[in-house]
Amino acid sequence: MSKGDFLQKNWCQTDAERARRSLAKWYDSHARDLPWRLTPSLYGTWLSEIMLQQTRVDTGIPKWHLFQELFPSVEDLAQASEAEVMKAWEGLGYYRRARLLHQAAKVVVSKGGFPENREGWLALPGIGPYTSAAIASIGLGEAVAAVDGNVQRVMSRWGGVTDPVDSKTGAQAIQGVADAWLDAARPGDHNQAVMELGALVCSPKQPRCAECPVRFTCTSADNPDMWSVLPRKTPKRKAARWDLTWHVAHHGNQVVAIQRPDTGVWATLWAFPERAPSKSNTPSRPLIPDVVHALTHKRIHARMVGTAMTSTEELHTWAQEVNGVVMTWEECEAKAWPRLATKVWSELKAACMAGN
DNA sequence: AACCCGGGGGA
DNA sequence: TCCCCAGGGTT
């Protein structure tokens, strides 16, 4: 490191070492009893890290238990069908994670076991810089600093990093602080301690500086002018409106459903056609009030339109046109559907059945 | 570097 | 409403 770099920093290695020791002591008494920490395994750690990508711990816990029950080992996961994995993942979002997890399980089994270092993990589908560092440090004891959203927040505030954390210079600065903090003797506990600190104390709004174990070396401690603007991030576009219509062609207890394309929103999940039946003898009618469903980058205004077909044959003809499938409601429920569908499912079904 | 990809919870 | 969450992949 050059002399100029050192002078621009408002923290030094001694501060980082103090913070590390203080944090370790704090973590000993504040670590949460998360399920994957009780009987640690590479498989359980891997599952948790994939599920917790952009997902809150409290949201991930039930799914982690479900996967442990349905797919107790990486071999079980690899042998399961993609449909089974997607159904288990239903509702958790970012469905590509489930497919990449499944693909990675097959790779792991074909190679006879889990990777033995960070580089090996990084090569697996769905494993990036953060997840590889997390698994390697927690599961293999490799001395690497894992940087997630919590760490970005803690490090930017503590070290006074004002460059956007998602810019090249900002990311390098964050990595520099995280590396300086790293406890190479117990990197797994250390990385989890930093994240725990970010989740429990150094929260996005109203951080609890009075309870913070590293406040004595922190650039932003008790300084709202600092912590309120850190971490800085490049601005994101607001969600665009998406007017979506699902056409539910139904007859008796059967409907026409489609599997969505393998790219784009809700890839490979099941849904209803967005086109209206072309030659139905009966008029279409809205089944339920329009639904507003917010995604990160799309604000969906969904209209559910039903068409009562006059026969099962007509249902099949329409299914062929849209490359769909005729299924009973019960058969539909065995597939993985977007949250938009599951949250109105019972009303949708009732409205269709009432229209027959 | 910018964009895409879900869904939910807290302020 | 807005922001953020144990991010990764694609362009």
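Labels below follow one simple rule: chain letters A, B, ... track the order of the sequence lines, proteins then strands, and each chain is numbered from 1. All heavy atoms count here, side chains included; hydrogens, waters and symmetry mates do not.
Distance A:E90 CD to B:dG7 C1': 13 Å, rounded to the nearest Å.
If you check residues 132-141 of chain A against DNA chain C, you find no residue with a heavy atom closer than 4.0 Å. For DNA chain B, no neighbouring residue in residues 149-167 of chain A is found when judged by any heavy atom under 4.0 Å. Taken residue by residue, residues 257-271 of chain A places heavy atoms nearer than 4.0 Å to DNA chain B at A:G264, A:V265, A:W266. The stretch residues 196-212 of chain A does not touch DNA chain B, since none of its heavy atoms comes less than 4.0 Å from the strand. Contacts of residues 15-50 of chain A with DNA chain B (heavy atom under 4.0 Å): none.
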For this session: Convert the base pairs of DNA chain B into dot-bracket notation, remembering that pairs crossing earlier ones are written with [ ] and that bases paired across to another strand are shown as |; include only Watson-Crick or G-U pairs under 3.5 Å.
Result: |||||.|||||
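You can see that DNA chain C meets the heavy atoms of chain A within a 4.0 Å-exclusive cut from C:dC4 to C:dG9, reading 5' to 3'.
Partners of A:E347 according to the side-chain hydrogen bond (donor to acceptor under 3.5 Å, both in side chains) rule, which considers only residues two or more places apart in sequence or in another chain, do not exist here. Every ring pair (Phe, Tyr, Trp, His ring centres under 6.0 Å) that A:W181 has, sequence neighbours left out, goes to A:W158. The side-chain hydrogen bond (donor to acceptor under 3.5 Å, both in side chains) search around A:H65 returns none, not counting sequence neighbours. With sequence neighbours left out, A:H297 forms a ring pair (Phe, Tyr, Trp, His ring centres under 6.0 Å) with no residue at all.
Hydrophobic side-chain contacts under 4.5 Å tie A:V229 into a cluster, directly or through other members, with A:M226, A:L230.
Residue-to-nucleotide contacts include a donor-acceptor pair under 3.5 Å from the side chain of A:T55 to the base of B:dG6.
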